[in-house]
S.K.: 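Attaching a single structure in structure tokens format; questions to follow.
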Amino acid sequence: MAKEITSREENYSQWYLDIVKKAELADNSAVRGCMVIKPTGFAIWENMKEQLDRMFKETGHVNAYFPLFIPKSFLSKEADHVEGFAKECAVVTHHRLMNNPDGSGVVVDPDARLEEELIVRPTSETIIWNTYRDWIQSYRDLPLLINQWANVVRWEMRTRPFLRTAEFLWQEGHTAHATRQEAIEEAQQMHEVYARFAEDYMAMPVIKGAKTANERFAGAEETYTIEALMQDGRALQAGTSHFLGQNFAKAFDVKYADQNNKEEYVWATSWGVSTRLVGGLIMTHSDDEGLVLPPKLAPIQVVIVPIPKPQPEIMEAAERIVAELKAQGISVFVDTDKKKRPGFKFAEYEMKGIPVRIGIGKRDLAENKVEVARRDTKEKMSYGLDQIGTQIKNLLEEIQNNLLATAKKYRAEHTTSVDSFEDFQSVLDTKGGFISAHWDGTTDTELKIKELTKATIRCIPNDQESEDGVDLLTGKPSKGRVLFAKAY
RNA sequence: CGGGGCGUAGCGCAGUCCGGUUAGCGCACCUGGUUUGGGACCAGGGGGUCGCAGGUUCGAAUCCUGCCGCCCCGACCA
């Protein structure tokens, strides 16, 4: 049978596209740069949403929804912000179509031009802060802790499913606080939530850190980021949390009266993760056989394959196992397709990343056991039927842990400290990954390194140790190492 | 926006250079049968505006002109 998935070694980006397609996560759509998220891909996103939403609510946030369209004038109110997004905005200019007089279909009605164009939101700070002005009068209205689940549009030149699409799904938290300190703590708290989610649910280890001025969100005073390392040695920015200072409060005139009835501008944060996480999930764990999913986010955790085909006594055993697994809260699917043979099914479920496969045949049943195969290591085991529910539950936990441990090991092996530009270049060219090096703190140097090597500063790590050194390009003094990598 | 490639059945492709029966192959799909512990086999069957629009010609998937779309690689970005 022909290889269905290009190997990582042969062509990493084709491998990624093959997985997205063969695991039925997403399709290209008729609209350039936009994907169709298929049921399996969407189920993964729904599982992510469910956990994140719970974590947001546990930290005191509530959901709301703001408009898709933003008046053009709003976007111009914060100078850095507009500069950051202006180049990639979709703009609505008309509100009506008409039949083409020549009968060739519909055309835009030239008489239906909008007085003020609307921007399809690339992010919602402006429309939200324009609203917050009306919602906030007193310190009693603070903190305001709101999140929204939404779609946004950024007109990208080049797109890849999940990693970068013109339209994507995300959540954006927007909070307002009475003090600078409280806002900073909020941004840091959500940064922590993202890191915990990535490691505990996605089994994707991340480095927590701050962005340099150059890489910061347009309009932020500080951007915190979680950075993950993909299997091709490139870094993926997986989530960001911003301390926005009073920039948006001033731009939209959002003030509150403090306890002494003195008017003050409020302090802001915003934070988001997107469907890009699905891309990160794929590239963290998957292999040349296909998708590998961590049990905690897998839409189906266990698949049962009757061998050689669904027969009454086998199906009876399958139903008993299903009941036991469901009692343990495990999601399970029984493949009752009579036409496909077991071998085909095995390959297919491996491609789709289902964490555990249970094969039930007469030979097994005669011995009161089943064949259990784990997707992460491809190991096959024989489990007795007695404690199948708890055994599988334990196995799923072990798989979850193993995926995180394997990813951590990969990251450790692909994080290198270097002290000279030559070493920097050679590590980048050979094994890639994170490179820990001294930097003189200037945007100039950062940009020069990017120009020479394509590597960027992914973050100034939270756990950065103070260490005297010299910048690897300029030789100027540095007080600590930052993390470089080529990024997605 | 630069550089490369491609539009022929749901998917993947051949045919295009050098115009000529009824446009073909693999996978998938439908029917029947034999199979069945790692991607089964046989037989039969359905499915096409050959990207679009002009042009040349007795005749165009094939030649000419124009247009449209998509993918990959780069610069920009979650």
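Chain identifiers are assigned alphabetically (A, B, ...) following the order of the sequence lines, protein sequences preceding nucleic acid strands; residue numbering begins at 1 within each chain. Keep in mind it's a predicted model, so treat the numbers as computed, not measured.
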S.K.: Contact class for A:Phe217 vs. all strands (heavy atom < 4.0 Å): base, sugar-phosphate, or nothing?
M.R.: nothing
S.K.: Do side-chain atoms of A:Arg234 reach the backbone of A:Ala487 as a donor and acceptor pair under 3.5 angstrom?
M.R.: yes
S.K.: Measure from the ring center of A:Trp45 to the ring center of A:Phe162 and say whether it is less than 6.0 Å.
M.R.: no
S.K.: By salt bridge (charged side-chain N to carboxylate O under 4.0 Å, His left out), which residues pair with A:Arg196, not counting sequence neighbours?
M.R.: none
S.K.: When the distance from NZ of A:Lys369 to P of B:rG37 is rounded to whole Å, what number comes out?
M.R.: 18 Å
S.K.: B:rG38 base to A:Lys380 side chain: any donor-acceptor pair below 3.5 Å?
M.R.: yes
S.K.: Could you check how far NZ of A:Lys450 sits from C1' of B:rG74, rounded to whole Å?
M.R.: 13 Å
S.K.: Counting only Watson-Crick pairs (N1-N3 plus N6-O4 or O6-N4) and G-U wobbles (N1-O2, O6-N3), all under 3.5 Å, who is the partner of B:rG19?
M.R.: none
S.K.: Does B:rG37 have its OP1 or OP2 closer than 4.0 Å to a side-chain nitrogen or oxygen of A:Arg341?
M.R.: yes
S.K.: Give me the residues of residues 356-365 of chain A where at least one heavy atom lies under 4.0 Å from an atom of RNA chain B, by number, or none.
M.R.: A:Arg357, A:Gly361, A:Lys362, A:Arg363, A:Asp364
S.K.: Taking RNA chain B as the partner, which of residues 223-238 of chain A come within under 4.0 angstrom of it by heavy atom?
M.R.: A:Gln237
S.K.: Closer than 4.0 Å, any side-chain N/O of A:Lys454 to the OP1 or OP2 of B:rA75?
M.R.: yes
S.K.: Mind checking who B:rU35 pairs with, Watson-Crick or G-U wobble, both distances under 3.5 Å?
M.R.: none
S.K.: Using side chain to side chain donor-acceptor pair (under 3.5 Å) as the criterion, list what pairs up with A:Thr40, not counting sequence neighbours.
M.R.: none
S.K.: What donor-acceptor contacts under 3.5 angstrom involve side-chain atoms of residues 237-244 of chain A, with partners at least two apart or in another chain?
M.R.:
from, atom 1, to, atom 2, distance (Å)
A:Gln237, OE1, A:Lys211, NZ, 3.0
A:Thr240, OG1, A:His242, NE2, 3.4
A:Ser241, OG, A:Ala187, O, 2.6
A:His242, ND1, A:Thr223, OG1, 2.8

S.K.: My understanding is that only residues two or more places apart in sequence, or in another chain, count here; which of them pass ring-ring contact (aromatic ring centres under 6.0 Å, His included) with A:Tyr201?
M.R.: A:Phe197
S.K.: What integer number of Å spans the C1' atoms of B:rU62 and B:rC71?
M.R.: 24 Å
S.K.: List for me each residue that meets salt bridge (charged side-chain N to carboxylate O under 4.0 Å, His left out) alongside A:Asp337, sequence neighbours excluded, and say none if there are none.
M.R.: A:Lys340
S.K.: Return the 5'-most residue of the pair A:Lys339, A:Ala166 with respect to RNA chain B, ranking by each residue's nearest nucleotide.
M.R.: A:Lys339
S.K.: My understanding is that only residues two or more places apart in sequence, or in another chain, count here; which of them pass side chain to side chain donor-acceptor pair (under 3.5 Å) with A:Tyr12?
M.R.: none
S.K.: B:rG46 pairs with which nucleotide, Watson-Crick or G-U wobble, both distances below 3.5 Å?
M.R.: none
S.K.: Which base sits across from B:rC11 as a Watson-Crick or G-U pair, both distances under 3.5 Å?
M.R.: B:rG26
S.K.: Does A:Asp287 pair with A:Arg375 as a salt bridge, N-O distance under 4.0 Å?
M.R.: yes
S.K.: Quick check: closest heavy atoms across A:Gly359 and A:Val370, and the distance to 0.1 Å?
M.R.: O-CB, 3.7 Å
S.K.: Go through the structure and list residues passing side chain to side chain donor-acceptor pair (under 3.5 Å) with A:Gln171, not counting sequence neighbours.
M.R.: A:Asn147, A:Tyr194
S.K.: Could you note down all residue pairs passing salt bridge (Lys or Arg N to Asp or Glu O under 4.0 Å) where residues 36-47 of chain A supplies at least one of them, sequence neighbours left out?
M.R.: A:Asp27-A:Lys38
S.K.: Any donor-acceptor pair under 3.5 Å joining the side chain of A:Glu350 to the base of B:rG39?
M.R.: no
S.K.: Measuring from the side chain of A:Leu17 (C-beta onward, heavy atoms only), which nucleotide among B:rC76, B:rG39, B:rC72 has the closest atom?
M.R.: B:rC72
S.K.: Round to a whole Å and report the spacing from NZ of A:Lys21 to C1' of B:rC11.
M.R.: 6 Å
S.K.: If I take atom NZ in residue A:Lys38 and atom C1' in nucleotide B:rG10, what distance separates them, rounded to the nearest angstrom?
M.R.: 11 Å
S.K.: Heavy-atom nearest nucleotide on RNA chain B for A:Leu163 versus A:Gln14: which residue maps closer to 5'?
M.R.: A:Gln14
S.K.: Quick one: look up who B:rU65 pairs with, Watson-Crick or G-U, both distances under 3.5 Å, and put none if it's unpaired.
M.R.: B:rA53
S.K.: Could you let me know what B:rA75 is paired to, Watson-Crick or G-U wobble, both distances under 3.5 Å, or none if it's on its own?
M.R.: none
S.K.: Partner lookup for B:rC70, please. Criteria are Watson-Crick or G-U wobble with both distances under 3.5 angstrom; report none if nothing qualifies.
M.R.: B:rG5
S.K.: Apply side-chain contact (heavy atoms from CB on, under 4.5 Å) to A:Glu117 and list each qualifying residue two or more places apart in sequence or on a separate chain.
M.R.: A:Lys72, A:Val91, A:Thr93, A:Arg113
S.K.: Going by number, which of residues 195-213 of chain A have a non-hydrogen atom under 4.0 Å from RNA chain B?
M.R.: none
S.K.: Base, sugar-phosphate, or nothing for A:Ser13, non-hydrogen atoms under 4.0 angstrom?
M.R.: sugar-phosphate
S.K.: From B:rC76, B:rG39, B:rG37, pick the nucleotide closest to the side chain of A:Glu348?
M.R.: B:rG39
S.K.: When the P atoms of B:rC27 and B:rC64 are compared, how many Å lie between them, rounded to an integer?
M.R.: 35 Å
